[in-house]
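All heavy atoms count here, side chains included; hydrogens, waters and symmetry mates do not. Quick note: residue numbers are just sequence positions, from 1. Order of listing sets the numbers, starting from 1, for every ligand and every atom in it.
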Amino acid sequence: MSALAVAPTAGGAGRPRLEVDLAAVAANTRLIAGRTAAELMAVVKADGFGHGAAAVARTALAHGATSLGVTSIEEALVLRSDGLTAPVLSWLNPVDAAYADALRAEVDIAVPSREHLDAVVRAQRGGPHQRSARVHLHLDTGMARDGAEPSAWAALCRAARRAERAGLVRVVGVMGHLGCADDPADECNVLGRRRFGWGVEVARGAGLRPARRHLAATAATLLDVRSHHTLVRVGAGLVGIDPTGTTPLRSGLTLTAPVVSVRRVRAGSGVGYGHAWTAPAATTLALLPLGYADGLPRAASGRAEVMLRGRRRAVVGRLSMDQAVVDLGDDHAEPGDVATVLGPGDAGEPTVADWADWADTLPHEVVTGIGPRVLRTTRPAEPGPAVPVPAPSAVPTVLRSLP
Ligand SMILES: *Cc1c(COP(=O)(O)O)cnc(C)c1O
């Protein structure tokens, strides 16, 4: 080997790639749907936790989910423009959000305040829409985050009932969210469940008949059947993240990167910014063309590993924006060899959970952080060829192509 061997440029092959195996999403969906008598809403916010919102949505709907959930109206409209016709709930929007667009696209809206209710009612009055706006009243069940405060709940329910009587809205659901569901012993769950039960009673007392009553996300779905009510909202679990450590879910992500160059360095050579790592002995280093802009958390510097030439290898020095350096010791690699940065773990490669540990963060942050330069391919749940899909671009604020 010369001092610096460089990979030939090749179309497509020379890029970091993320393969999404939808068979894992299908298996996780079936497993989770089998754990509850409630309906399963597939939460596909943040581009389906980085897995492709439409692909995860379609797969989940084919394997046991009956509706979809997202954060913003814009995310819901993207699903509609991708041809998904299942019920979609959008639960977090400012008061000046595109409610008219949402109603036109038959998107259900979560309502956390009178101001939000008024905005939805105005959009419905502004019609013409075929039917009354479908809303889920959102109660804060103890996180001091989204949802109405208990002190405002009764008035919100009464106002919603008046709008219902006027034929403007239909309250089809009541929702809450638990902040500590991954720790079932935490008192916060008791309070959350109690407050949710109270919220449903108050809604009924106001004359509302919400058929969809939902409190549980992945952790509560897996650990606490008392929180299931008539619907559970599951996102992380569908993509193989188990915040409870109790359930054999499977990750469908494999992130690979080609070796760009290989060099031999002397003992004492400093590597990368700040020379955060210095070779203790002569060694061989391989360069991978991805870094924190591509989703490798910089906080994992000094701990991370990749799989290359059949073995785990340390990533040395600081992770850069675009580059990672792998220590091969006295082993050899060729430019063009492919490193597995993360995968399901079947062949000993690092997993999403490993990267999260190394960076002292959550798997959720790792999967939603994979950057737009990474080439995405999706393997369907049914046997078939992998098909390239475009990298997610910025979500459009308004989708003018909607009918
Ligand atoms: C993200 C989210 C969910 C899904 O949570 P997971 O733990 O990923 O299943 C459910 N409900 C709300 C309100 C959320 O924001």
- [ ] Name all residues meeting the salt bridge (charged side-chain N to carboxylate O under 4.0 Å, His left out) criterion together with E305; count only those two or more places apart in sequence or in a different chain, and write none if there are none.
- [x] R312
TODO: Could you tell me how the ring of H364 sits relative to the ring of F49: parallel (under 30°), tilted (30 to 60°) or perpendicular (over 60°)?
DONE: tilted
- [ ] Taking the six-membered ring for Trp and the full ring for Phe, Tyr or His, determine whether the centres of Y99 and H116 are under 6.0 Å apart.
- [x] no
Open item on the list: The criterion is side chain to side chain donor-acceptor pair (under 3.5 Å); which residues satisfy it with R213, sequence neighbours excluded?
Closed with: none
Pairs under 3.5 Å, N/O atoms on ligand 1 and on the protein: can you put them in a table with the distances?
| from | atom 1 | to | atom 2 | distance (Å) |
| --- | --- | --- | --- | --- |
| ligand 1 | 8 (O) | A236 | N | 2.8 |
| ligand 1 | 9 (O) | T218 | N | 3.0 |
| ligand 1 | 9 (O) | T218 | OG1 | 2.4 |
| ligand 1 | 9 (O) | G235 | N | 2.8 |
| ligand 1 | 9 (O) | A236 | N | 3.4 |
| ligand 1 | 11 (N) | R233 | NE | 2.8 |
| ligand 1 | 11 (N) | R233 | NH2 | 3.2 |
| ligand 1 | 15 (O) | K45 | NZ | 2.8 |

- [ ] Answer yes when R250 and D346 have at least one side-chain N-carboxylate O distance shorter than 4.0 Å, and no when they do not.
- [x] yes
- [ ] Apply side chain to side chain contact (heavy atoms under 4.5 Å, CB included) to P150 and list each qualifying residue two or more places apart in sequence or on a separate chain.
- [x] R195, W198
